[in-house]
Amino acid sequence: MTFAFRDVDPLQDAELLHSWVTHPKASFWMMQDAKLEDVERAYMEIAADAHHHALLGLRHGEPAFLMEKYDPAHRELAGLYEALPGDVGMHFLTPATGTPVHGFTRSVITAVMAHLFEDPATLRVVVEPDVRNKAVHALNEAVGFVPEREVRKPEKKALLSFCTRAQFIAATGVAA
């Protein structure tokens with residue numbers, strides 16, 4: 001599957017994002033009770049943040065998933081591990097669908113990782129999913145992530161995991 005990426009437009013995309021992040025499937029996104037205005041505000045804050053960026057993944061020109069990248073030295077993991085130069089944090093969300101496509105989510109995480117590694121400054125991708133999110137742990141492992149340890153964040157107990165460019169290529173065969 002081929003995907004393109006574009007920046008999230010907080011106002012234009014808020015209704016779509018709201019439907020995605022408040023769906024029961026997105027429970028680990030922790031926005032279940034968010035109102036439309038909350039989603040607008042959250043993505044306006046991200047758009048204004050030099051250390052955090054939100055992108056929509058497009059398939060055939062239509063929004064297909066959400067991706068966020070952040071500087072873990074300044075957001076999400078600041079103070080929880082020693083960030084190295086070239087570390088980039090990542091979140092992704094595939095929306096619920098009534099017609100699942102086999103292999104879609106794995107294609108999404110592979111595309112997200114390839115997109116991150118397109119930047120030569122990205123040396124390692126860092127993730128911190130909820131320790132209970134076994135499905136995403138399996139996806140992370142499939143693209144080369146290696147768990148390091150659990151960390152306590154204010155909102156969850158997270159599994160801190162890392163993936164270098166070489167680990168990504170070895171796991172997927174995708175040139176990065």
Spell out, yes or no, whether [X] and [Y] are grouped together once hydrophobic residues are joined by side-chain heavy atoms under 4.5 Å, including indirect joins.
X    : Y    : answer
L84  : L123 : no
V143 : V101 : yes
I46  : M44  : no

Do [X] and [Y] touch side chain to side chain, with heavy atoms closer than 4.5 Å?
X    : Y    : value
K69  : L116 : yes
D13  : R6   : yes
Y81  : R149 : yes
H53  : D7   : no
I169 : F117 : no
P95  : H23  : no
E148 : S161 : no
V108 : F65  : yes

Open item on the list: For a side-chain contact (heavy atoms from CB on, under 4.5 Å) check, start with the C-alpha distance between T22 and D33, then their side-chain angles and the critical distance, and finish with the verdict.
Closed with: CA-CA 6 Å; T22 58; D33 298 323; over 6 Å; no
Give a yes or no on whether a salt bridge exists between [X] and [Y], defined as a side-chain N under 4.0 angstrom from a carboxylate O.
X    : Y    : value
R124 : D87  : yes
D130 : K157 : no
K35  : E37  : no

Open item on the list: Testing L17, L56, V8 one by one against P63 for a side-chain contact (heavy atoms from CB on, under 4.5 Å), which residue passes?
Closed with: L56
Open item on the list: Checking side-chain contact (heavy atoms from CB on, under 4.5 Å) between M90 and each of V126, V125, T122, which is the one that passes?
Closed with: V125
Is it true that, when you exclude [X] itself, more than 12 heavy atoms of the residues, nucleotides or ligands shown sit nearer than 6.0 Å to its [atom1]?
X   : atom1 : value
R59 : CZ    : yes
Q32 : CD    : yes
E82 : CD    : no
E15 : CD    : no

TODO: I would like to know whether L58 and F5 meet side-chain contact (heavy atoms from CB on, under 4.5 Å); could you show each step before the answer?
DONE: CA-CA 6 Å; L58 309 175; F5 295 86; over 6 Å; no
Task: Heavy-atom closest contact (F92 atom, I109 atom, distance) - done: CE2-CD1, 3.6 Å
TODO: If the plane angle is over 60° it's perpendicular, under 30° parallel, otherwise tilted; pick one for F3 and F104.
DONE: perpendicular
Euclidean distance, [Y] [atom2] relative to [X] [atom1], rounded to 0.5 Å:
X   : Y   : atom1 : atom2 : value
M31 : D38 : CE    : CG    : 6.5 Å
M67 : H91 : CE    : NE2   : 11.5 Å
H74 : H51 : NE2   : NE2   : 4.5 Å

TODO: List the steps and the verdict of side-chain contact (heavy atoms from CB on, under 4.5 Å) for L160 and L80.
DONE: CA-CA 9 Å; L160 182 65; L80 295 177; over 6 Å; no
Task: Pair D9-Y43, side-chain contact (heavy atoms from CB on, under 4.5 Å): steps then yes or no - done: CA-CA 8 Å; D9 178 322; Y43 284 93; over 6 Å; no
